[in-house]
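In what follows, a structure is listed as structure tokens, so that the remarks can point back to it.
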Amino acid sequence: MSKKIKVFAPASIGNVSCGFDVLGLAVTQPGDVVEISLNDSGQVTIQSILGDEGRLPLEAAKNTSGVAVIEFLKSIQSNQGVSITLHKNLPLGSGMGSSAASAVAAAVGINELMGSPLKKIDLLPFAMEAERVACGSAHADNAAPSLLGGLILIRENHPLDIIEIPTPKELFCVLVHPHIEVKTRDARSVLKQTISLQDGITQWANTAALVAGMMKEDYELIGRSLVDVVAEPLRADLIPSFNKVKQTALKNGALGCGISGSGPTVFCLCKGRAEAELAGQSIRDVFLNISLENEVFVSEVNRQGAYALIS
Ligand code: HSE
């Protein structure tokens with residue numbers, strides 16, 4: 001049995017516009033990397049975190065990677081000593097599923113080091129518990145796609161019922177991360193607890209149509225279903241020039257455009273890499289016009305989820 005492993009877990013687009021809290025899509029890049037090694041200490045410790053500018057807790061019980069390992073070991077009734085090094089490539093508070101990616105990479109890593117007693121899908125509750133510790137609520141819309149890859153529908157959280165939705169081959173994802181931070185907690189606090197029946201009808205029609213569009217490989221249908229009347233109208237003000245960003249992306253190759261997770265990252269879906277590059281650059285320019293530095297990530301859909309890196 002190997003004593004050391006390095007695992008990559010990708011960023012993900014939570015909600016995918018209309019699928020508030022129930023849809024998530026994994027991208028190929030960027031992602032977090034977690035290194036895990038076994039030892040005889042009987043403790044789970046975080047040895048170091050690189051790339052977070054000292055902002056994340058080093059206490060294992062408060063860090064999503066540590067929580068995922070602790071919960072995994074609890075479930076198999078092991079008091080194995082574990083040391084974790086976290087390479088935090090994903091920005092914090094970005095809406096790209098940063099906390100979920102660290103937790104997922106850690107859960108996959110410890111499972112493999114312990115001889116894979118659990119199936120990949122059975123690791124999801126550990127990543128969700130880590131999300132609960134980090135954000136106050138246990139959503140699977142980032143953890144599930146980061147773990148399994150692809151587009152995931154979370155039909156039910158308790159008991160977990162998740163469905164993998166096929167995506168068309170030429171579907172490309174664009175993430176544009178403006179250099180501001182929005183905490184998930186704050187982005188949830190602007191939401192209303194109730195919605196009108198009309199908004200409900202619009203939202204579930206679009207969610208069903210988006211899933212149908214993916215399965216039928218109907219890019220036009222995907223584009224016109226990327227509409228969110230529940231969260232986006234209330235969160236748009238948290239992202240400078242969001243409406244301009246969206247209009248510009250739609251004129252420059254995007255099938256649809258919205259807020260990634262709880263923001264401030266903006267995402268769009270495109271047919272083909274060239275369209276995705278164009279849409280990404282057009283969004284970047286809108287942010288630059290208001291002196292907002294940002295990074296663009298263009299990627300295919302990640303179809304494998306988290307995986308061990310050969311070191
Ligand atoms: N679905 C969540 C939200 C994203 O939009 O608040 C974080 O899991």
Side-chain angles (χ1 to χ4, degrees), residues 9-27 31-32 64-65 67-68 90-105 107 124-148 151-158 160-163 165 173 175 177-178 180-195 199-200 203-204 206-207 210-211 226-239 242 246 256-269 305-306:
S12 52
I13 301 167
N15 304 333
V16 202
S17 289
C18 44
F20 180 71
D21 275 358
V22 301
L23 281 177
L25 177 66
V27 300
D32 279 354
T64 61
S65 61
V67 173
L90 296 176
L92 312 182
S94 62
M96 292 199 266
S98 173
S99 52
S102 302
V104 162
L124 188 53
F126 312 131
M128 286 173 68
E129 176 56 17
E131 282 279 73
R132 198 187 58 72
V133 170
C135 330
S137 41
H139 304 112
D141 56 340
N142 289 118
S146 184
L147 179 68
L148 303 169
L151 178 65
I152 306 285
L153 171 70
I154 298 113
R155 197 195 68 79
E156 177 83 76
N157 277 293
H158 305 290
L160 254 180
D161 184 3
I162 64 169
I163 299 118
I165 315 281
C173 316
L175 287 165
H177 172 235
I180 52 170
E181 200 174 304
V182 173
K183 291 196 170 64
T184 298
R185 242 180 253 273
D186 297 339
R188 290 186 86 81
S189 73
V190 303
L191 303 177
K192 293 190 198 132
Q193 289 306 307
T194 54
I195 60 169
D199 282 351
Q203 198 81 356
W204 57 66
N206 279 311
T207 306
L210 179 59
V211 170
L226 287 170
V227 176
D228 171 13
V229 296
V230 171
E232 187 179 294
L234 298 166
R235 289 175 167 177
D237 285 348
L238 302 174
I239 304 168
F242 176 74
K246 192 164 168 166
C257 174
I259 301 170
S260 177
S262 52
T265 295
V266 173
F267 83 96
C268 42
L269 298 184

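First listed ligand is number 1; within each ligand, the first listed atom is number 1.
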**Request:** Quick one: pull up SG in C268 and NZ in K246 and give me the separation to the nearest 0.5 Å.
**Result:**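 Here the rounded value is 11.0 Å.
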**Asked** How long is the gap from NZ on K183 to CG on L238, to the nearest 0.5 Å?
**Response**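 Between K183 NZ and L238 CG, I get 12.5 Å after rounding to 0.5 Å.
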**Asked** So which protein heavy atom does atom 3 (C) of ligand 1 come closest to, and at what separation?
**Response**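 Of the protein heavy atoms, R188 NH1, 3.2 Å lies nearest.
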**Prompt:** So which heavy atom in the protein is nearest atom 4 (C) of ligand 1, and how far is it from that ligand atom?
**Reply:**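 Checked against all protein heavy atoms, atom 4 (C) of ligand 1 sits closest to D141 OD2, 3.7 Å.
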Suppose I only count heavy atoms of [X] and a 4.0 Å limit; which atoms of ligand 1 are within that range?
X	result
R235	3 (C), 5 (O), 6 (O)
D21	1 (N), 2 (C), 3 (C)
H139	8 (O)
N142	7 (C), 8 (O)
G261	5 (O)

**Request:** With sequence neighbours excluded, tell me which residues meet side chain to side chain donor-acceptor pair (under 3.5 Å) with D237.
**Result:**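 Partners of D237 under the side chain to side chain donor-acceptor pair (under 3.5 Å) test: none.
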**Message:** Any donor-acceptor pair under 3.5 Å linking the side-chain atoms of T184 with those of S262?
**Reply:**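 On atom types as modelled, these side chains qualify, holding a pair under 3.5 Å.
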**Message:** Can a donor-acceptor pair be found, under 3.5 Å and without considering hydrogens, that links the side chain of R155 to the backbone of D161?
**Reply:**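 Absent.
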**Prompt:** Has ligand 1 got any nitrogen or oxygen that is less than 3.5 angstrom from a nitrogen or oxygen of E131?
**Reply:**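 Between E131 and ligand 1, no N or O pair is found under 3.5 Å apart.
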**Message:** Taking distance alone, with N or O pairs closer than 3.5 Å, would you say N15 contacts ligand 1?
**Reply:**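 There is such a contact, yes.
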**Request:** Please examine the side chains of V67 and E131, heavy atoms only from C-beta on, and report whether any two atoms are closer than 4.5 Å.
**Result:**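 No, their side chains stay 4.5 Å or more apart.
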Pairs under 3.5 angstrom only: tabulate donor-acceptor contacts from the side chains of residues 9-20 to other protein residues two or more places apart or in another chain.
{"unit_1": "S12", "atom_1": "OG", "unit_2": "N142", "atom_2": "O", "d": "3.4"}
{"unit_1": "S12", "atom_1": "OG", "unit_2": "N142", "atom_2": "ND2", "d": "2.9"}
{"unit_1": "N15", "atom_1": "OD1", "unit_2": "D21", "atom_2": "N", "d": "2.8"}
{"unit_1": "N15", "atom_1": "ND2", "unit_2": "G261", "atom_2": "O", "d": "3.3"}

